[in-house]
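Letters A, B, ... mirror the listed sequences (proteins, then strands); counts begin at 1. Please read all numbers here as calculations on a predicted model, not as lab measurements.
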Amino acid sequence: MTDQQFAQEMAALPEPEQLLDLYRQLLTIRYTEEQLARSHQMGLIHGACHTYVGEEAIATGVCAHLRPEDAVFSTHRGHGHALAKGVSPREVVAELFGRATGCSEGRGGSMHLFKPEVGMMGTSGIVGPCILQATGAGYSFKLLRSENVGVAFFGDGAVNNGAFHEGLNLASIWKLPVLFICENNLYATEVPFAYSAGNPHVGNRGPAYGIESVTVDGNDVLAVFEAAGAAVQRARSGEGPTLIECRTYRTRAHSEGMRDAGYRTQEEVDAWKARDPITNYRKWLLDNEEAGPETLTTIEAEVKDVVAEAAEFARNSPWPEPETVSEYIFNQG
Amino acid sequence: MTDQQFAQEMAALPEPEQLLDLYRQLLTIRYTEEQLARSHQMGLIHGACHTYVGEEAIATGVCAHLRPEDAVFSTHRGHGHALAKGVSPREVVAELFGRATGCSEGRGGSMHLFKPEVGMMGTSGIVGPCILQATGAGYSFKLLRSENVGVAFFGDGAVNNGAFHEGLNLASIWKLPVLFICENNLYATEVPFAYSAGNPHVGNRGPAYGIESVTVDGNDVLAVFEAAGAAVQRARSGEGPTLIECRTYRTRAHSEGMRDAGYRTQEEVDAWKARDPITNYRKWLLDNEEAGPETLTTIEAEVKDVVAEAAEFARNSPWPEPETVSEYIFNQG
Amino acid sequence: MRELTYVEATLEALDSAMARDRSIFVVGEGIGERGGNFNTTTGLYAKYGPERLCDTPISERGFVGMCAGAAMTGTRPVVDFMFIDFILDAFGELVNQIAKMQYMSSGRIRMPIVLRGAIGIGHAAATHHSGSYYPIFAHIPGFRVVVPAIPSDAKGLFTTALKSEDPVLFLEHKSLLFNRGEVPEGDYEIPFGEARIAREGADCTVVAIGSMVDRTLSECEKLAEEGISVEVIDPRTIAPLDMATIMESVHKTGRLLIVDETFQPCGVGAEIAAQVIDAGFDDLDAPIRRLNGAHVPTPYSPPLEHSITPQPNEIEQSVRDLLAE
Amino acid sequence: MRELTYVEATLEALDSAMARDRSIFVVGEGIGERGGNFNTTTGLYAKYGPERLCDTPISERGFVGMCAGAAMTGTRPVVDFMFIDFILDAFGELVNQIAKMQYMSSGRIRMPIVLRGAIGIGHAAATHHSGSYYPIFAHIPGFRVVVPAIPSDAKGLFTTALKSEDPVLFLEHKSLLFNRGEVPEGDYEIPFGEARIAREGADCTVVAIGSMVDRTLSECEKLAEEGISVEVIDPRTIAPLDMATIMESVHKTGRLLIVDETFQPCGVGAEIAAQVIDAGFDDLDAPIRRLNGAHVPTPYSPPLEHSITPQPNEIEQSVRDLLAE
Ligand SMILES: Cc1ncc(C[n+]2csc(CCOP(=O)(O)OP(=O)(O)O)c2C)c(N)n1
Ligand SMILES: Cc1ncc(C[n+]2csc(CCOP(=O)(O)OP(=O)(O)O)c2C)c(N)n1
Ligand SMILES: [Mg+2]
Ligand SMILES: [Mg+2]
């Protein structure tokens, strides 16, 4: 199937009322990340902190189609996925602050966010496993005859990893209900994908596994929404997995506090900043008269408050008790 | 590049005198394998024994282009590669008999054949590593500014493994002098490749890694010879790796003593037996008047003798001394 | 009581569990219609079909990681590795994901996965098909590690494994697979962390693991004729390890030998010895001795291979040495 | 003598070796122009270029297997993992290929590969970036396992590693990397298998590993004020393990404590204890004690993380307890 045919098969645009939900979601991620970046500078976050600034459209566009029973598996850059899947800013911020009220009760931190109650099955400090685990969720859902889907979010860096190859092939041969969402932000830390991959395209890798694949503008929330909608529909109706390459860019450093020079030019950063997914979507909403400026300003203020309150909540939350440190290793005993 | 363009770029046919060497090599593998199969039945071989019967054209056609300094890395089905790379039938048979005179001094057995002196860098009981190690040989050769090449032989089963993905990509991005020879015999033990791979073709996987790839008839020693010649030339002249899918079939059981029914039909086996690489090549030599029947009969008798003598040698060889069992773990100490 | 082989015993447990619990499925190479390289799934494909007996590509990392995801989302995978050596390609998934998942998620995600395979040295399988590696899994927090020595234990412990919410490594020594023994009918569970006293005795304690249990017991019969009374303990699970039973025995005998086919450095014997010397220092009348497989990759040739595992005469001699101390 | 940080010390060794030996090359993620996540290759890219400081895709299994093949064919790869945790995805290549290659080939193939990375708990790195895993590598035959505690040892041992024909795991604790210490100029080698007596003493022996060495030494100063004289031994290499030095010390002191951040079960402390109880039973005046990191995946939150490594007061108390026995 060509990309074009695939596009025609895609689900429709969001319903009007969903358009504002998308905007709210984009902002929730952006403001939370900016809050985390500030908190990191203040020493309130203890380990690494990889923000999702510039890539918000992807988690937002994909997760808009998901139910709590759908299972999301993510990476080191996973705050946005957790938020979009329904983990509250409170729980995310508190987790990064290392507090007992965090979504992993302080055991996880930035790279280990869990809330199975809403289908957030974890972020991972290791590149690769999320692809396999999403495939496994697909296996469960198929075996259990449910209509749920498994979703893996991963970076371009994971594409060169054996987990990508094995996971996509397994999902293909058993036609599992899985979405493989590659967030191609052109770099793995400072190593360009164009250097590290013999084939610098991801969206054309589907045929190597006999699965559908497509490339979309990852900074365009509506484009992501459309492609993901079609893929979710395919998955739920038993037609198997889809690989979606979302071309995007992270506009902050790889992780907070790290240098952000020497490997990419200021022009490149500026060009991508001009394609900011939130600014552009805001403009689209206004241009298409889907919302007036007051509505948007109100949403912005509301989200700001939610995030500020989340940081406050996190700061005031208790630390986990050292006595509990050996709990949860096993379910039994 | 299309397959056709690629074919045009290929090296020429073998020189006339080489044609008989190829025949001799094919027979050496076939007779040695048949000897090993008989010895296995007699209890002279102690572990597993995977024969190469039906696939001899591949090792023969590829290794005809290699020098002792070129490095071959192989699999569990590696007797043919060892023989074609210059390990003597004596050393192979003695190794399978577990004798001190074997090419690995009895430490290895069927799946661990080593003779670095002729560039036989090992067969492996684990599916996958040979792909990576051949890539590494390519890295060495590039760094050392030599013209040597690394060669990996592996089955269709390895294609679904992460090692394939990672190895081909690494060889591609650094343009390493490596040949990836996939011996697609349609099954991994009893599991059909058509079942286990979302994409049942191997020869079209090159573009996923930005490398050349081609499919040839693995039962046609001249076809393999041509494709390998072109690939070796490319590698030696710094143009990078090539993936060659050789379509073939093993006509004996996966391993000696194993059942060989229930997963493939007698018709399929018979059809492939009718395409026997040795019978067909013999016919080609006669039809094209490259050799008369007496010449071929003489070669056949000679090789038979060599193999019989090898078995005799192995039977009369001493066992390794248990006192030496801890030698060679480390180079020092 | 009727007798079954070790493999038949686990097959009975698996069949019964799969009949009872539709969320159990098995993955592996050749475990479908073929019934497994070691007959570990014979007949199940016909009963439960291809989704629940799922033949896989040679993608060990892939299907282990996949099964982790499945276990996290409501099903109960059993990974059948054929030879356990192949698990090493999935080691990252095991250590960083499977073992840690319950902890990282503060107990809200479960990891009911069983990883099974044939271990051990023998049959000239050579170094890529002779590994055991259980001391490594006991070192890592988060695994249950089961090494049954007899068919009835294999069945009871496998039943427990198939009901566990935790990741279980179920390791079956190749030289035991076709041994026969009495096996009760019907379902029964043997809890993890309870050693079996394979033989009672008063003069010396021998802890023997896996295939070493039978080898030790035969020597004990000989020693008994001379009036030497050896107590033989089979821990059955390496993690959790039933130190209480071992401690109690050493309290009685004052002497301890550990016989284990796997490598000595940082092995199970080391852990047992270290715990006994810490908590049972005053009980000891002699040094603690270990007999292990040689610290060497497994060689192929039979005389070499034979020389690297603890032999009956060495077991006997070690007991005599301890009694002479 | 001039002082260098631990990282500067290994960098000096690497630079010197690379200048001398053109067959040495380094692979890893961000070890090229960037100079390594922990500055382990700073400045070398400019000197030796992209072929010898080779940035890799995130293909740990791939580049480890590749480096195995390179080591087999005449070059000397150094794999820089940044965090050693990432090595687990290459475990199959390590155990089944790298560790066994010399043996399988009856010594005719060499495996001069150095695998380095940052280990250890600290800085809220959480459970995917806090592993050490060296007891596992000591368990497997075929590896040299090096865990330097001070900059001068780091330089000398790294120089030895870079000349070794055997596979070496060179493991650098994150909390030591930027510690300063006196480091001799020029090339020098420290042989594997020779422990360093970090402090002489007569009353009790403490074997401390990696980051635990300094932590133990500070406590010993306090105890010395009370007249308690502790001998502190830093094994420096876990494989080979210098048991002679430890044995000799225990012969003198009669008491032994092992302090190690890694997990207790089947760990290095277990191995040391088991060897001492076997060969040094009569030397012991007290049980052998071990202090280890808690047997739990590393939690993120600082108070939890802090609670799982052996703390100074626990070291002190353990020594006191042993002396009271
Ligand atoms: C297996 C593994 N190797 C290395 C790392 C170190 N690491 C963390 S993030 C990262 C880059 C990831 O790049 P990409 O997948 O493109 O994601 P991005 O950070 O660009 O979102 C690396 C190499 C890791 N976490 N896991
Ligand atoms: C990593 C790994 N998994 C499983 C096996 C068991 N095994 C040995 S041979 C084989 C089939 C290999 O098939 P293929 O690669 O197509 O080679 P063929 O035997 O057909 O030549 C399998 C699964 C193995 N050796 N290594
Ligand atoms: Mg990226
Ligand atoms: Mg095959």
Peer 1: For Ile58(D), is there any backbone N or O sitting under 3.5 Å from a side-chain donor or acceptor partner on Asn161(A)?
Peer 2: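 Answer holds: yes.
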Peer 1: Answer with side chain, backbone, both or neither: which region of Tyr195(A) has an atom nearer than 4.5 Å to a non-hydrogen atom of chain D?
Peer 2: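 Side chain only.
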Peer 1: Who wins among Ala126(D), Gly30(D), Pro302(D), Ala294(D) for the most heavy-atom pairs under 4.5 Å with chain A?
Peer 2: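 Looking at each of Ala126(D), Gly30(D), Pro302(D), Ala294(D) in turn, Pro302(D) comes out on top.
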Peer 1: Among the options Met258(A), His76(A), Glu323(A), His112(A), pick out the one with the most heavy-atom pairs lying under 4.5 Å from chain D.
Peer 2: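 Greatest number of close heavy-atom pairs with chain D: His112(A).
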Peer 1: List the atom of Leu304(D), the atom of Gly106(A), and the distance in Å for their closest heavy-atom pair.
Peer 2: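 Smallest interatomic distance, heavy atoms only, reads CD1-O, 4.3 Å.
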Peer 1: Are Glu190(A) and Glu33(D) side-chain neighbours, meaning at least one heavy-atom pair lies under 4.5 Å?
Peer 2: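 Glu190(A) does not reach Glu33(D) side chain to side chain.
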Peer 1: Would Asp89(D) and Ile126(A) satisfy side chain to side chain contact (heavy atoms under 4.5 Å, CB included), going step by step from the backbone distance to the final call?
Peer 2: CA-CA 10 Å; Asp89(D) 286 342; Ile126(A) 304 292; 4.0 Å; yes
Peer 1: What distance do Tyr263(A) atom OH and Arg34(D) atom CZ have between them, rounded to the nearest 0.5 Å?
Peer 2: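 Separation between the atoms: 9.0 Å.
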Peer 1: Identify which of Asn37(D), Thr127(D), Val296(D), Asp85(D) forms the greatest number of heavy-atom pairs closer than 4.5 Å to chain A.
Peer 2: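 Counting heavy-atom pairs under 4.5 Å, the top option is Val296(D).
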Peer 1: Rounded to the nearest 0.5 Å, how far does OG1 of Thr56(D) lie from CG of Asn160(A)?
Peer 2: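 That separation rounds to 9.5 Å.
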Peer 1: Side chain from CB out, backbone as N, CA, C, O: work out which of these in Glu321(A) comes under 4.5 Å of a heavy atom of chain D, or both, or neither.
Peer 2: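 The answer is the backbone of Glu321(A).
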Peer 1: Measure distances from Val191(A) to the heavy atoms of chain D and classify the residue's part below 4.5 Å as side chain, backbone, both or neither.
Peer 2: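 When you check distances to chain D, only side chain atoms of Val191(A) fall under 4.5 Å.
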Peer 1: Mark yes or no for whether Ser301(D), through its side chain, and Arg107(A), through its backbone, hold a donor-acceptor pair below 3.5 Å.
Peer 2: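 Checked: no pair found.
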Peer 1: Do you know the tightest heavy-atom contact between Gly125(A) and His128(D)?
Peer 2: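 Closest heavy-atom pair between Gly125(A) and His128(D): N-ND1, 3.0 Å.
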Peer 1: Keeping the roles fixed (side chain from Ser196(A), backbone from Pro57(D)), state whether a donor-acceptor pair exists under 3.5 Å.
Peer 2: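 No.
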Peer 1: Side chain, backbone, both or neither: which part of Pro303(D) has a non-hydrogen atom closer than 4.5 Å to chain A?
Peer 2: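 It is both, since atoms from each part get that close.
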Peer 1: Within the distance-only criterion (no hydrogens, no angle test), does the side chain of Tyr300(D) pair as donor or acceptor with the backbone N or O of Ser104(A) below 3.5 angstrom?
Peer 2: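 Absent.
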Peer 1: Which pair of non-hydrogen atoms, one from His295(D) and one from Ile329(A), has the smallest distance, and what is that distance?
Peer 2: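 His295(D) and Ile329(A) have their closest heavy atoms at O-CD1, 3.3 Å.
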Peer 1: Under 6.0 Å from the CD atom of Glu316(D), do we count more than 12 heavy atoms belonging to anything else shown?
Peer 2: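 Atom CD in Glu316(D) is crowded, with more than 12 foreign heavy atoms closer than 6.0 Å.
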Peer 1: Show the numbers, then the answer: is there a ring pair (Phe, Tyr, Trp, His ring centres under 6.0 Å) between His46(A) and His123(D)?
Peer 2: CA-CA 7 Å; His46(A) 314 282; His123(D) 317 284; over 10 Å; no
Peer 1: Ala48(A), Ala188(A), Ser110(A), Ser124(A): which one forms the most heavy-atom pairs within less than 4.5 Å of chain D?
Peer 2: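 Counting heavy-atom pairs under 4.5 Å, the top option is Ser124(A).
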Peer 1: Is Arg180(D) atom CZ crowded by more than 12 heavy atoms from other residues, nucleotides or ligands, each under 6.0 Å away?
Peer 2: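 Yes, the 6.0 Å shell around CZ holds more than 12 heavy atoms from other groups.
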